[in-house]
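Notes for the one structure printed next.
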Amino acid sequence: MEAQIVVDVPTMQTNQPYTYHVAERFETVIEPGMRVIVPFGRGNRQVQGFVIRLMDDDSHQHELKDITDLVDLDAVLTDELLILADWLAKRNFAFSISILQAMLPNVMRAKYHKTMQVVDRKRVMAEPDLLTIFNDFDEVDEEQVSLSKEQLTGIHKLLKQGALKIGYQVQNRARAKRVLAVKPLKTPKELAQLRQILRPNARQQACLLTYLMQAKDEFVPQHLVVEQTGVSQATFKAAQAHGWIDRQMMEEYRLPKLTTPIETTRPLVLNQQQQAAYDQLSGTLGTTTSDTFLLEGITGSGKTEIYLQVMAKAIEQGQTAMMLVPEITLTPQMVRRVKGRFGQTVAVLHSGLSDGERYDEWRRVKRGEAKVVVGARSAVFAPLTNIGVIIIDEEHDASYKQEDNPRYHARDVARWRADWHHATLILGSATPSLESRARAQKGIYQLLQLTERALTSSLPSVSIVDMRTTIKNGGDDLFSPELLAGIQERLTKQEQSVLMLNRRGYANYLNCQACGYKPTCVNCDLVLTLHAAQHELVCHYCGYHIPVPPVCPNCGAPRLRPFGTGTEKAEERLQALFPDARILRMDFDTTRKKGAVDKLLTTFGKGQADILLGTQMIAKGLDFPAVTLVGVLNADTSLALPDFRAAERTFQLLAQVAGRAGRADKPGQVIIQTFNPDHYAIQYAKHHDYEGFYQQEMQLRHTWQYSPFFFTIQLKIGHEKQAEAAKIAYQLADWLKPYLGPQTVMLGPSAGSVARLKNKYYFRIVIKYRDGKTLLPALSELMQTGQELQRQHATLTIDRDPMTFV
DNA sequence: AGCACGCCGACT
DNA sequence: GTCGGCGTGCTC
């Protein structure tokens, strides 16, 4: 028997299955989807691999190596996931092994240990420098010892002579937690009798017997029994000696702890719109087709309740359900909401879990003990079977795209898995991505709209403050008089304010403080990025660049300034302006620690602070009834991003915060400060007008040939030397030209926005295309011929449908 | 990635 | 004449 194995060597040249011989003793056990250890390369170094196929034909040309060992007793990947991995690797120009690893919890990735093993002790002991290392050991972990120069030469010599050799060990870090468990061996009746005849002073034994009388006939972790009864270790030992109980080791899940118990919730009554959406969605469950819906519902329209009820329906029909949310929305409140409805059958997968917890949650899914999975991006690979519905909430969110290897978009994966399972896919958002909305327009997705708020409070009024005027009048460039007045009013009335500092695109473009003009690219209609070091303005999209102009090209005033401010500085200024206000700052720095977000939000939710000042993370999913003012300090920084999605991102962000104020009985107010009060993204956000924005943005995308009318691919070439990187980039561009096909545009090569990253210079090529018939295979080939690039010490990344252009 | 093979420069 | 530097090719 032979097995095709994908080995854990993530390079372009080894991105293919290798055939190994399966020893007879493994034949009955081995299955596709298992992890194995195989010898690889000339030195037969042991590496982890995945079995992707088994076969019987022995028509191999070469002598095959044997699989060393099986890591798993059960396949960790299903056939579905193996096929998906193959598709995803090809589609996204990723290494198969990287995708396979990404599908599993972190701990299941092998760790490798390099050891030095003594072969000829006599000769090793003859080296005085090495005595301290090998005196007591025959094998030493290379990482555990730091070697001096003399020792290094000594080891080198011995390796050459064969007196020492290098060993490789594959370590599987995935460990189930095992605890001592107990089970009664006697019937309740017998136990009751035993209790009768017990010495009266044997209090602990009596206590244990009472517990056992009402215990089920199954193993229960001993520590849980201790918690309930308070009996000691010795008592269990005695009970075992008496033959009352059986004790053995048992697996126990590391369940993430929750501070307070979860209250079970019942389905809420749906309003008419919600009910109509629910009927349509649930009607497609369990059918033999896969339907995709775009659920477009304004903030507060009750999308989550619909999700919960559709998932409940799927469970009812014996199917499973998956719900994806952006990482930062996966707050304890959200988890609580889902667990409140589905209880123990929910598995939660997100980055806040420890490795052990994550592994255990994953196993609960794998074993079919969890029927509902809630998680962030990577949860899309959860090993659910018989999926009835997949939900992607806030489907427009950029965090669904993994931006480093392996690159994938959870939406694509969800689409694929929904197809496989004939499941219903629901994309939900108040501000859908243009791609999804356009598909709904074309009828590829079914569009469901929710236009009413579930808890009939009206949308807040949004006012826009023109910061050009503020500055002209000698005002502060961070806090306009209007905003300051608003904050003061809230402080007086003891209501809360949320202030958002839009940090995207921070401090790297020029802005004329006289007229608000920002230098833009002639080819792309994108804002030029300031490269202060080179004293240049550069378009990150097509490479267009000009020297920094001394005066504003629009109005001639010498008032072009670099733009941007940090949250820390804003907090300082704010505190100086309102010395008595209690301010909470929420940004990357203050939320780095585990649980910090929860703590901050709880503090604010309890009303222990007046102002919450933060980056866009405060825009998502937060719901504080006492907040009546939301201020956006700098709405336009994200407009200036060198990215064709800049307007879309800005609109989505503003629409989201605009829906946050005054959700309870008190009316809300939103103040947006901007240098571009007339920009359509800001205007449409002001009027809560998604449709208007969609129409206008689609027109622009059409004109400029961007997504969703054109697909995009970004190639990045990195090299230690700038000239080399450029040379290779141009060579690649030339090589690709014949494959471009009709209606395909290649932009660049252009220099990366950060000239040097990790000591490498980057160049980028962006290709816009409609038909990838010749282009995509050419790019696959480029992956394979990457050998040549590697020789030149260059790196190449291919990013399909990139979300950022930095 | 990591290892062997191989072809040129500074040594015993 | 050899040790060892790194550039090159290959891993079932």
Side-chain angles (χ1 to χ4, degrees), chain A residues 1-24 26-27 30 32 34-71 82 86 89 94-102 109-117 119 141-143 149-171 404-406 718-721 724 728 758 760 783-797:
Chain A
M1 192 192 252
E2 281 94 51
Q4 295 218 298
I5 313 281
V6 175
V7 294
D8 183 11
V9 183
T11 66
M12 290 176 183
Q13 304 93 54
T14 53
N15 185 32
Q16 49 163 329
Y18 289 87
T19 312
Y20 282 84
H21 178 250
V22 179
E24 218 182 301
F26 295 142
E27 278 189 2
I30 195 166
M34 273 184 181
R35 293 176 298 162
V36 292
I37 294 170
V38 292
F40 193 70
R42 280 184 247 256
N44 280 334
R45 133 185 101 96
Q46 302 292 309
V47 298
Q48 192 175 83
F50 288 85
V51 180
I52 56 160
R53 209 158 74 87
L54 292 173
M55 56 223 177
D56 270 324
D57 75 289
D58 47 4
S59 59
H60 49 266
Q61 304 100 315
H62 304 283
E63 205 46 40
L64 299 179
K65 288 184 186 175
D66 263 315
I67 291 173
T68 310
D69 209 352
L70 309 183
V71 181
L82 287 175
D86 191 49
F95 305 134
S96 292
I97 188 66
S98 311
I99 300 274
L100 292 168
Q101 311 259 40
R109 189 166 305 173
K111 272 267 190 289
Y112 298 98
H113 283 271
K114 225 173 165 179
T115 62
M116 295 178 292
Q117 297 167 351
V119 179
D141 198 315
E142 206 178 52
E143 277 171 36
K149 213 185 229 165
E150 293 78 33
Q151 289 174 325
L152 212 61
T153 39
I155 286 167
H156 235 76
K157 198 172 99 190
L158 292 173
L159 281 171
K160 268 253 157 89
Q161 295 174 355
L164 273 179
K165 70 171 190 183
I166 298 287
Y168 291 91
Q169 274 168 2
V170 187
Q171 194 199 335
D404 39 43
N405 283 321
H719 196 281
E720 281 177 9
K721 288 185 190 137
E724 276 302 300
I728 295 165
K758 287 181 188 172
K760 270 196 173 159
M783 281 277 288
Q784 297 306 318
T785 37
Q787 228 172 349
E788 210 176 312
L789 291 170
Q790 206 185 25
R791 205 175 308 133
Q792 296 172 53
H793 302 286
T795 57
L796 167 69
T797 56

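This is a predicted model, so every value here is computed, not measured. Basis for what follows: all heavy atoms, side chains included, without hydrogens, waters or symmetry-related copies. All chains are named by letter (A, B, ...) in the order of the sequence lines, taking the proteins before the strands, and each is independently numbered beginning at 1.
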D8(A) atom CG is separated from dG2(B) atom C1', nearest whole Å, by 13 Å
Walking DNA chain C from its 5' end, the first of R42(A) and Q16(A) to be reached, judged by nearest nucleotide, is R42(A)
List the atom pairs, with distances to 0.1 Å, where a side-chain N or O of residues 94-101 of chain A and a protein N or O form a donor-acceptor pair under 3.5 Å, not counting sequence neighbours.
{"residue": "Q101(A)", "atom": "NE2", "partner": "D8(A)", "partner atom": "OD1", "Å": "3.0"}

I166(A) CD1 to dA4(B) C1', straight-line distance once rounded to whole Å: 15 Å
Tell me the interatomic distance from Q101(A), atom CD, to dA1(B), atom C1', rounded to whole angstroms. 13 Å
I need the minimum non-hydrogen distance between K114(A) and D141(A), along with the two atoms involved. O-OD1, 3.5 Å
Atom CD of Q46(A) and atom C1' of dC12(C) are separated, to the nearest Å, by 14 Å
Rounded to the nearest angstrom, tell me the gap between atom NE2 in H113(A) and atom C1' in dA1(B). 17 Å
Is any side-chain heavy atom of V170(A) closer than 4.5 Å to one of Y112(A)? yes
Whole-Å distance between dC12(C) P and L64(A) CG? 10 Å
Would you kindly give the CG-to-P distance between D66(A) and dC12(C), to the nearest whole Å? 12 Å
Would you classify Y20(A) as touching base, sugar-phosphate or nothing, given that sugar-phosphate means primed atoms plus P, OP1 and OP2, and contacts are heavy atoms under 4.0 Å? sugar-phosphate
Would you mind reading off the distance between Q48(A) atom CD and dA1(B) atom P, rounded to a whole angstrom? 18 Å
With no hydrogens and no angle check, is any side-chain donor or acceptor of Y20(A) less than 3.5 Å from a backbone partner on P39(A)? yes
